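Presented below is the structure to which this report refers.
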Amino acid sequence: MTLTKLRNIGIAAHIDAGKTTVTERILFFTGTTRKMGEVHNGQATMDFMKQEQERGITIASAAITCSWKGYQINLIDTPGHVDFTVEVERSLRVIDGMVAVFCAVGGVEPQSETVWNQADRYRVPRIAFINKMDRTGADYFQVVEQMNKYLDANAFPFQIPIGEEDVFEGICDIIERKAYQFTDTDRVETEIPEVLRPKCEEARAKLVEKVAEFNDEIMELFFEEADVPAELLKSAARDATLKLLITPVFCGAAYKNKGIRLLLDAVLDYLPSPIDVGAVVGTDPDDAEKTHTCHPSPSEPFSALAFKLIHDPFVGQQTFTRVFSGILRSGMQVYNSTKGKYERIGRILKIHAKEREEISEAGPGDIVALIGMKFTKTGDTLCGDEHRMLLESIHIPPAVIDLKINPARHQDQSRLVDALAKLANEDPSFSVRYDDETEETVISGMGELHLEIIVDRMKHEFKVDAIVGEPSVAFRETITTEVESNYKHAKQTGGKGQFAHTLLRLEPHPGQGYEFSEKIKGGAIPNEFIPSVNKGILKTLERGVLAGYPIVDVRVVLLDGNYHPVDSSDMAFQTCASICFKQGFMKANPILLEPVMKVEVNTPDEYIGDIVSNLNRRRAKIEAMRRYRKGAQKVLAIVPLMEMFSYATQLRNLSSGRANYSMEFFEYQPLPKGIQEEVLKKELS
């Protein structure tokens, strides 16, 4: 199969827009599955985790391979729930094109915007599919308008629906000037109904006018007011889509099997092959200024990116990898340039959701699971030893919520640690730490649902019962003023002693994380001990000084110090730097930072007043209110996470269950002084 006949696509959208149903229909129509699985009865092929089937939502992005009209499509179905945003992030990093699914009733919803912005970050070409056209309240053109207004999508209808809601019975293709009427069992190609012709011609004229800006041949025909042939228009529209200049919009009702085959045709027509995406550029591991380029060809040096780890009870750890160039063979040795280590490729599997097929080699554009990887984690680059390069990694958002967890039986402590380590290995947005003082294990994640799923998986997959505390906010510590701190560490205990002396300057570094530099002159501290100073500070950052929360956004400069030719050691300088940093930190007006969330509430008009005043009581900053559809509004607000616990129940009560909301992490902001004192009192009591 030639690379031009390969499509690596992701399906992404807001929760409940129908992504998994669209995927199930694609698998059915491409002959990958014999029967259609349904989300509502827990039978979806792509939602094969027990937790996904119980909740009717997608949690893990699943990869599957199918064929359509002689083309191979590697398909990744991604979660819509914001707690699993890292799943979307890592999928977008390795796909070439995306199908963005929108609900014809809900339109552009909060997570639609998040996914759209993530796709912008990785410059992924996309087409849109407006689903649920048969639902009451469906409005195709309103959703297209919302896409342009809120996503700046340059969305152009490539199809016009024949009817809406319960009379949705077909689709007009404006490029080919054909219509498709749906029956209970099939579809019939017909002429465009007379009543819709003016609308279709108007939509086609707008598309021609747009693509004429990028195509000289169409520009000439446009000025001559001549008709543009379908093939020429399709080719120009494809170019514009690949350059992110337009977003083609299609429609259908996936649950009723309407519009899916036309969507598959659109994937082939308008989304890129690995050849269209072109060369992948990476940096030199030894020199960040130097770049390397690899083209999607089997004859180029090997390069690939690991984007996901799954612990499989039957085959062990699977490392999902996208090959960008060269050939990967089982048994081959590759270089992990992120870790600086060699890996031996065990088995290579092509994944069909739950099923797996073993293959001997994988080439450019392939998405495969590798068995037997020892060091490789999410975001790591794999390459040939003779052509080392580092590809752009994957953006991992910070964890915002903590949960204390202990084994139900004391003897299960080591099994709990083992299970959590495997889960953290799979999911880079989930982390685990052990609090020595309270002797408790603390897990951190993206939200309450995220941690609930982790605990559930631990019980069912790893058979470890646990006692779980209440969720709490993952605060951070930082400083607000610049200080210098001077500390001499000298211990004499008979025999060899410990000696180290450091002078540090601590500076606020808002939003920039931790940075270390040194200005040592004349060998006041030997070069071999300077990394020890940094190591000592890094250990202190993990468990903060003020209340044990991680320290962020601090720049530390090592200005001066001293050493002893016999008593100085790596450990002495680590200890000295840690104490010196702690003393300076407490003098630099330390504060707590709290996670602040972007919250969007969809509500009928009659509840808007109560909902806004309730948000204001939660320290919300109302950013905007906008009409979302007839009789309903959206409220956009920035709200501290600590004020959002139990909000779902209260919102249900305020709106008689008719309003809904979503929230995602926005940024860390300073905690107000009065609240900080309360938090510290509680933490230190």
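This structure is a prediction, so every number in the text was calculated from the model and none was measured.
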Test side chain to side chain donor-acceptor pair (under 3.5 Å) applied to H501 and N486, step by step: CA-CA 8 Å; H501 175 205; N486 194 348; 2.7 Å; yes
Minimum-distance pair of heavy atoms, taken over all atoms of S485 and C580: OG-O, 2.7 Å
Side-chain heavy-atom pair L654, Y607 within 4.5 angstrom cut-off: no
Within 6.0 Å of CG in N117, more than 12 heavy atoms from elsewhere: yes
E594 side chain to M642 backbone, donor-acceptor under 3.5 Å: no
Shortest non-hydrogen contact from I622 toward A637: CD1-CB, 4.0 Å
Donor-acceptor under 3.5 Å (T381 side chain, S337 main chain): no
Nearest atoms (heavy-atom pairs only) where P590 meets Q676: O-NE2, 3.9 Å
Lys NZ or Arg CZ of R618 over Y647 ring: under 6.0 Å, within 45°: no
Sidechain-backbone polar pair: T502 side chain, G561 backbone, donor-acceptor under 3.5 Å: no
Distance-minimising heavy-atom pair for D553 and Q512: OD1-N, 3.5 Å
Q411 atom CD, over 12 foreign heavy atoms within 6.0 Å: yes
Test side-chain contact (heavy atoms from CB on, under 4.5 Å) applied to F585 and E477, step by step: CA-CA 10 Å; F585 188 86; E477 300 181 12; 3.7 Å; yes
Donor on one side chain, acceptor on other, Y514 and N534, under 3.5 Å: yes
Plane angle bin for F529 and Y563 - parallel if under 30°, tilted between 30 and 60°, otherwise perpendicular: tilted
K582 atom NZ, over 12 foreign heavy atoms within 6.0 Å: no
Exam field: side chain Q498 to backbone K491, donor-acceptor pair closer than 3.5 Å: no
Residues, nucleotides or ligands: over 12 heavy atoms within 6.0 Å of D120 CG: yes
Exam field: side chain S578 to backbone I537, donor-acceptor pair closer than 3.5 Å: no
Test item: R322 side-chain N/O and V94 main-chain N/O as donor-acceptor pair under 3.5 Å: yes
Within 45° cone of F375 ring axis and under 6.0 Å: K341 NZ or CZ: yes
Heavy-atom check, side chain of L451 versus side chain of F430, under 4.5 Å: yes
Donor-acceptor contact below 3.5 Å, side chain T603 vs main chain A659: no
For M373 against T376, the heavy-atom pair lying closest together: CE-OG1, 3.6 Å
Nearest heavy-atom neighbours spanning I401 and A474: N-CB, 3.9 Å
Whether E343 side chain and K374 backbone form a donor-acceptor pair below 3.5 Å: yes
Side-chain donor-acceptor contact under 3.5 Å, D402 with S472: no
Separation between CG of D610 and CG of L615, rounded to the nearest 0.5 Å: 11.0 Å
Distance in Å, R555 CZ paired with E482 CD, rounded so as to fall on 0.5 Å steps: 9.0 Å
Using residues 413-423 as the side-chain source, report each donor-acceptor pair under 3.5 Å to any protein atom, sequence neighbours left out, with the distance given to one decimal.
residue, atom, partner, partner atom, Å
R415, NH1, D412, OD1, 3.4
R415, NH2, F462, O, 3.1
R415, NH2, K463, O, 2.8

